[in-house]
Amino acid sequence: QVQLVESGGGLVPAGGSLRLSCAASGGIFSGNNMGWFRQAPGLERDFVAAIDWSANTRNYADSVKGRFTISRDNAKNTVYLQMNSLKPEDTAVYYCAVDKDRFYSSFLYRGPQQYDYWGQGTQVTVSS
């Protein structure tokens, strides 16, 4: 059974940094593309970043480009989201997700409907 577990969220002041982790288990990871999304109260789940299986291709939402970095360690079945220069508008629950249907592909999707398994989410709160 595929399982994704996020960690690393918390409360930080504006301008601070956090590093989120997402550990995958259940036989799916090294050949699959991974994504990070976020959802603020009352809003839809939005794309944040995605990384292909080889870590050679990455894609970011315009709102986080230059501040966030997605990476992965296939030996540890873990994907990371380094978040720097955090802003109050970054406050949300952050979710990681896996695109299970494409293997060894460098095509990255931004739509949440293209991702098949999700973690439980980790809260990030940025105070002003």
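Every heavy atom of this structure was used, including side-chain atoms; hydrogens, water molecules and symmetry mates were not.
Arg72 places a side-chain heavy atom less than 4.5 Å from the side chain of Phe29. Taking the side chain as every heavy atom from C-beta outward, Val12 and Thr125 never approach each other to under 4.5 Å.
Checking Arg110 against Asn59 by side-chain atom types alone, a donor-acceptor pair falls below 3.5 Å. A side-chain donor-acceptor contact under 3.5 Å links Ser17 and Asn84.
Of the inter-residue distances, the one linking Ser105 atom OG with Asn32 atom CG reads 10.0 Å to the nearest 0.5 angstrom. The CE atom of Met34 lies 9.0 Å from the OG1 atom of Thr78; values are rounded to the nearest 0.5 Å. Between Thr122 atom OG1 and Glu6 atom CD the span is 7.0 Å, to the nearest 0.5 Å. In this structure, CG on Asp46 lies 7.5 Å from OG on Ser63, to the nearest 0.5 angstrom. Rounding to the nearest 0.5 angstrom, the gap separating the CG atom in Asn33 from the CG atom in Asp99 is 5.5 Å.
Legend: ring pair (Phe, Tyr, Trp, His ring centres under 6.0 Å) pairs involving residues 49-78, not counting sequence neighbours, sorted by first then second residue: Trp53-Tyr104.
Under a hydrophobic clustering in which Ile, Leu, Val, Met, Phe, Trp and Tyr are joined whenever their side-chain heavy atoms come within less than 4.5 Å, directly or via other members, Leu108 and Trp36 fall into different clusters.
Here the closest non-hydrogen pair linking Lys87 and Val126 is O-CB, 3.3 Å.
Residue Gln113 places its CD atom among more than 12 non-hydrogen atoms of other residues, nucleotides or ligands, all under 6.0 Å distant.
The other members of the hydrophobic cluster of Tyr115, by chain and number, are Phe37, Phe47, Val93, Tyr95, Phe107, Tyr109, Trp118 (side-chain heavy atoms under 4.5 Å, ILVMFWY only).
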**OP:** Give the intermediate values and the outcome of side chain to side chain contact (heavy atoms under 4.5 Å, CB included) for residues Thr91 and Gln123.
**Re:** CA-CA 8 Å; Thr91 295; Gln123 176 70 47; 4.0 Å; yes
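Under the side-chain contact (heavy atoms from CB on, under 4.5 Å) test applied with Tyr80, the options Thr69, Ile70, Leu20, Asp73 reduce to a single match, Asp73.
The salt bridge (Lys or Arg N to Asp or Glu O under 4.0 Å) check on Asp90 picks up Arg38, Arg67, with sequence neighbours excluded.
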